[in-house]
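Both backbone and side-chain heavy atoms feed into the values below; hydrogens, waters and symmetry mates do not. In this text, all values refer to a predicted model and were calculated from it rather than measured experimentally. Order of the sequence lines fixes the chain letters, A, B, ..., with proteins taken first and strands second; residue numbering starts at 1 for each chain.
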There are 2 protein chains.
Amino acid sequence: MTARKSRHHHGNLRATLVAAGVVLVDRSGPDALSTRKLAAQAGVSHAAPAHHFPSLTHLRTAVAAEGFRRFTAAMEDAMGRADAHPRAQCDAACRGYIAFARGHPGLFQLIFGGHDLVREDVEFCAASGQAAALLSRIAAPFAAGARDRAAVETMIWAQVHGFCSLMLSGQLAVADGIDPADWFLSLPGRAPVGSDAAHFPLARNGTAA
Amino acid sequence: MTARKSRHHHGNLRATLVAAGVVLVDRSGPDALSTRKLAAQAGVSHAAPAHHFPSLTHLRTAVAAEGFRRFTAAMEDAMGRADAHPRAQCDAACRGYIAFARGHPGLFQLIFGGHDLVREDVEFCAASGQAAALLSRIAAPFAAGARDRAAVETMIWAQVHGFCSLMLSGQLAVADGIDPADWFLSLPGRAPVGSDAAHFPLARNGTAA
DNA sequence: GCGCAAGCTTGACAGTGTCAAGTTTTCAGC
DNA sequence: GCTGAAAACTTGACACTGTCAAGCTTGCGC
């Protein structure tokens with residue numbers, strides 16, 4: 001189905017470019033993305049991508065959207081293999097978060113690293129919105145009111161995201177032989193805390209509830 | 001002293017390039033950095049920077065080192081204007097952290113955004129080491145043992161850094177009219193928590209100690 | 001005053017994104 | 001089943017990028 005014979009029309013160029021872009025970013029980082037490289041890899045001329053993406057920024061945005069989908073999938077995957085208990089689900093999501101950042105640093109940095117993206121792109125918004133919705137769902141059991149909910153969401157996200165971000169930028173060295181996710185989950189005072197006593201199997205100081 | 005007349009020798013090119021680089025990154029983001037642009041701005045030929053920096057990555061690293069120095073200065077400045085109490089110092093450092101991220105998003109992303117940098121550069125290591133040392137000093141009063149100290153450091157840094165990082169990448173919208181630093185400092189469960197009761201003027205649930 | 005090294009220039013090269021114009025293919029409407 | 005128009009792709013060009021190889025200019029130690 002892909003590139004039957006070697007015709008003038010590729011038939012599926014847009015998807016091919018995005019897929020190749022994901023691989024390239026994953027391997028060589030966000031800055032390695034190049035319309036000409038992807039065009040060559042897809043076997044088309046250097047200007048072909050321009051007919052599917054108005055600019056490199058748009059192509060980068062499409063790759064980032066796919067990155068967001070895989071990011072969400074990483075969390076959902078970890079959650080699917082965990083207990084249904086709210087705290088276990090939250091911990092699992094954090095594990096998925098950290099695993100994605102470690103396994104796909106290029107995509108992680110493309111998504112969160114402040115690169116030039118078309119932030120109002122509908123596909124990108126949908127993909128990032130799904131990730132945000134997942135975080136929101138995880139935070140819900142730990143919050144009473146709307147303000148609590150925003151606060152708990154922010155804390156969960158900020159903590160795990162800051163941990164990943166610092167780890168990737170080399171500012172936070174985790175000792176050899178220690179799994180970063182284990183280390184993160186063992187940190188005292190990790191969110192959610194506060195009004196979540198009912199869903200919190202371990203008390204804040206490490207003693208059983 | 002700068003560029004006397006218009007001589008062949010600039011006299012202070014290295015420092016001039018870094019200074020112009022800081023301004024450029026501050027204005028237009030890390031990706032706008034270009035040896036030719038800086039050369040033109042300094043009034044020298046396009047290949048002149050190569051005699052002071054082996055590659056663009058080295059120039060970028062020098063700019064990042066200066067960025068780290070200003071980042072540290074922003075925290076120290078806020079701390080200087082705050083009470084000497086450990087908790088007040090920690091809060092002030094967070095305010096400085098957030099103020100720097102908001103005021104200089106380009107430099108913040110250059111430093112922490114996973115860009116290509118010469119991480120073993122001595123000047124860069126010194127600059128980033130000073131920031132880490134400051135964080136360590138702030139965390140010290142809240143930690144009992146060595147493991148606690150690393151954990152508290154990690155939590156403080158991860159929380160505020162994640163908050164800033166998500167804010168800059170547009171994933172975390174702070175309501176209009178609310179100061180992001182105020183909102184962050186008001187979050188329940190913010191580190192340091194745990195063994196810091198003696199230095200914690202407010203109890204964890206918001207009631208006075 | 002001389003010589004040499006450092007600092008800077010000029011020119012070139014391969015690579016990039018983007019535009020304009022031309023060619024090929026697909027497909028809807030008759 | 002043909003036709004014309006639109007979509008898909010190519011070719012060529014342009015300005016821009018980082019980097020290299022030469023050569024020129026200047027300052028400074030001797």
Checklist entry - Picking from D:dT17, D:dT19, C:dG7, which would you name as closest to the side chain of B:S34? => result D:dT17
Checklist outcome for this item: Taken to the nearest whole Å, CG/A:D31 to P/C:dT16 is 14 Å
Item to check | Nearest-Å distance for atom pair CZ/P, residues A:F53 and D:dC9 | outcome: 11 Å
Checklist entry - Counting side-chain heavy atoms from C-beta on, which of D:dA8, C:dT9, D:dA13 comes nearest to B:H51? => result C:dT9
Next on the checklist: Between B:F71 and B:F112 (judged by ring centroids, cut-off 6.0 Å), do the two rings come close enough to count as a pair?
Outcome noted: yes
Item to check | Rounded distance in Å - CG (B:N12) to P (D:dG27) | outcome: 15 Å
Item to check | Electrostatic pair B:D91-B:R95, nearest N-O below 4.0 angstrom | outcome: no
Next on the checklist: Side chain of B:A48, heavy atoms from C-beta onward: which of D:dA13, C:dT9, D:dT10 has the nearest atom to it?
Outcome noted: C:dT9
Next on the checklist: Base of C:dG15, side chain of A:H46 - is there a donor-acceptor contact under 3.5 Å?
Outcome noted: no
Checklist outcome for this item: Atom CG of A:L33 and atom P of C:dG17 are separated, to the nearest Å, by 8 Å
Checklist entry - If you check the B:V44 side chain, which of C:dT9, D:dT11, C:dG17 turns out closest? => result C:dT9
Next on the checklist: So B:A47, base contact, sugar-phosphate only, or nothing? Heavy-atom distance under 4.0 Å.
Outcome noted: base
Next on the checklist: Pairing donors with acceptors under 3.5 angstrom, does anything connect the side chains of A:S136 and A:R149?
Outcome noted: yes
Checklist entry - Expressed in angstrom and rounded to an integer, what is the separation of B:H58 atom NE2 from D:dG18 atom C1'? => result 14 Å
Next on the checklist: I need the CG-P distance between B:L38 and D:dT17, as an integer number of Å.
Outcome noted: 10 Å
Checklist entry - Roughly how many Å is it from CG in B:L56 to C1' in C:dT16, rounded to a whole number? => result 14 Å
Item to check | ring pair (Phe, Tyr, Trp, His ring centres under 6.0 Å) evaluation trace for A:F100 with A:H104 | outcome: CA-CA 6 Å; A:F100 182 83; A:H104 307 278; 5.2 Å; yes
Item to check | Aromatic ring proximity A:H58/A:F124, centre distance under 6.0 Å | outcome: no
Next on the checklist: Looking only at the side chain of B:L13 (C-beta and beyond, no hydrogens), which of the listed nucleotides D:dT19, D:dT11, C:dC8 gets closest?
Outcome noted: C:dC8
Checklist outcome for this item: Side-chain contact check for B:H52: nearest option of C:dG17, D:dG18, C:dG7 is C:dG7
Item to check | No-H, no-angle donor-acceptor pair, A:R36 side chain to C:dG15 base, under 3.5 Å | outcome: no
Checklist entry - Of the nucleotides D:dT10, C:dG11, C:dC8, which has the atom closest to the B:S45 side chain? => result C:dC8
Next on the checklist: Between P on D:dT19 and NZ on B:K37, what's the gap in Å once rounded to a whole number?
Outcome noted: 15 Å
